[in-house]
Amino acid sequence: MAKTTIRPFRPVYPSPAALIVSADLEGRANIVTLAECFNVSIRRPVIIGIAIRTATYSHGLIRSRGEFTLNLPTTALLEEVDGVGSVSGQKCDKFERFALTPLPSQQVGPPMIAECPLNVECRVLSEQEVGDHQLFLAEALAEHVDEECLGPDGKPDPQKLDMLVYACGAYFGAGERLGRHGFTRSR
Ligand SMILES: Cc1cc2nc3c(=O)[nH]c(=O)nc-3n(C[C@H](O)[C@H](O)[C@H](O)COP(=O)(O)O)c2cc1C
């Protein structure tokens, strides 16, 4: 098949359209939509990365408190996700504006978002400038999951999470389950 060469732009897909909650030193919380969120160290310890521009209000909040929560939305939250990512918290309270419910965290100051079925409390380990974004690496201190989204094995069931994903500038549902990791080993 013939290929055309294009200018690289966000070439890795899909990514989550995650909602990151930070807070100022007085506890006022803000939400930002980030597609640049990823697992870095997966078990011992669990470390996630987020990449965020210095121009955002959230960047300064995350830097000053060193804490945030990562909240993974459902497709039902599509309008809230797009709206949160289109306006700055410098100008409004995004919990109020988008009718999202703050849920107190157990180990960090910024709250979680009750409407998101999966929430991770994170403490920043490092910040590094990488091109046009700042890369924060953060330890996942606690992960919370809606009970109805768990599978029989007690782990989050992707088919129950109703995942919202982002690719090539657009939002998608996650699609059908094709196979379990390692399913080819028994062949
Ligand atoms: C789907 C989507 C993904 C986004 N991903 C990122 C991202 O990874 N990094 C970033 O700095 N901004 C990203 N943005 C833009 C921020 O969400 C946006 O600038 C936001 O208004 C900043 O809010 P704040 O000023 O309250 O922090 C994204 C926006 C949308 C809608």
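Position 1 is the first residue of the sequence; numbering continues from there. Just so you know, ligand 1 is whichever comes first in the structure, and atom 1 is the first atom listed for that ligand.
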| Heavy-atom donor-acceptor pair, E115 side chain to T101 backbone, under 3.5 Å | yes
| field | Heavy-atom nearest neighbour in the protein, as seen from atom 21 (O) of ligand 1, with distance rounded to 0.1 Å | value | V87 O, 2.9 Å
| Main-chain N/O of P110 paired to T69 side chain as donor or acceptor, under 3.5 Å | no
| Do any heavy atoms of A51 fall under 4.0 Å from ligand 1? | yes
| request: Check each of V81, L34, L164, T33 against atom 16 (C) of ligand 1 and report the one with the nearest heavy atom. | output: T33
| request: Just need the protein heavy atom nearest to atom 26 (O) of ligand 1, so name the residue and atom and give the distance. | output: G89 N, 2.7 Å
| request: Give the residue and atom name of whichever protein heavy atom lies nearest to atom 27 (O) of ligand 1, and the separation in Å to one decimal. | output: S58 OG, 2.6 Å
| message | Among all the protein's non-hydrogen atoms, which is closest to atom 18 (C) of ligand 1, and how far away is it? | response | G85 O, 3.3 Å
| query | Between T56 (side chain) and H59 (backbone), is there a donor-acceptor pair under 3.5 Å? | reply | yes
| Does H59 reach ligand 1, in the sense of a heavy atom lying below 4.0 Å from it? | no
| N/O to N/O below 3.5 Å, does that happen between Y166 and ligand 1? | no
| Pair listing, ring-ring contact (aromatic ring centres under 6.0 Å, His included) test, anchored in residues 81-104, at least two apart | none
| request: List every atom of ligand 1 that sits less than 4.0 Å from any heavy atom of H133, numbering the atoms from 1 in the order shown and giving each element. | output: 9 (N), 10 (C), 11 (O)
| field | Distance filter under 4.0 Å to N30 heavy atoms, resulting ligand 1 atoms | value | 24 (P), 26 (O), 27 (O)
| Is it true that the side chains of Y57 and N30 contain a donor and an acceptor less than 3.5 Å apart? | no
| query | Looking only at N/O atoms, are S88 and ligand 1 under 3.5 Å apart anywhere? | reply | yes
| task | Quick one: look up the protein heavy atom nearest atom 23 (O) of ligand 1 and list residue, atom name and how far away it is. | result | K94 NZ, 3.1 Å
| query | What residue and atom, counting heavy atoms only, is the protein's closest point to atom 3 (C) of ligand 1, and at what distance? | reply | A35 N, 3.6 Å
| message | Please confirm whether K91 approaches ligand 1 to less than 4.0 Å, judged on its heavy atoms. | response | no
| task | Determine, using the 4.5 Å side-chain heavy-atom cutoff (strictly less than), whether V84 and V21 are members of one ILVMFWY cluster. | result | yes
| Between L25 and S64, which heavy-atom pair has the shortest distance, and what is it? | CD2-O, 4.3 Å
| Heavy-atom pair of closest approach, residues A23 and R65 | O-CD, 3.0 Å
| remark: atom 22 (C) of ligand 1: closest protein heavy atom, distance to 0.1 Å, is V32 CG2, 3.6 Å
| request: Taking atom types as modelled, find out whether E36 and S15 have a side-chain donor-acceptor pair closer than 3.5 angstrom. | output: no
| said: Does E80 form a salt bridge (charged side-chain N to carboxylate O under 4.0 Å, His left out) with K94? I'd like the steps, not just the answer. | reply: CA-CA 9 Å; E80 289 82 352; K94 292 197 224 178; over 6 Å; no
| query | Does Y57 reach ligand 1 with a nitrogen or oxygen that is under 3.5 Å from one of the ligand's nitrogen or oxygen atoms? | reply | yes
| query | Starting from atom 19 (O) of ligand 1, which protein heavy atom do you reach first, and at what distance in Å? | reply | R53 NH2, 2.9 Å
| field | Derivation and outcome, side chain to side chain donor-acceptor pair (under 3.5 Å), residues Q134 and T54 | value | CA-CA 7 Å; Q134 296 296 118; T54 54; 5.8 Å; no
| task | Taking only heavy atoms of Y171 into account, list the atoms of ligand 1 that are under 4.0 Å away from them. | result | 1 (C), 31 (C)
| query | So do the side chains of V32 and S22 get within less than 4.5 Å of each other, counting heavy atoms only? | reply | no
| request: Identify, by atom number and element, the atoms of ligand 1 in contact range of E36, meaning under 4.0 Å from any of its heavy atoms. | output: 7 (C), 8 (O)
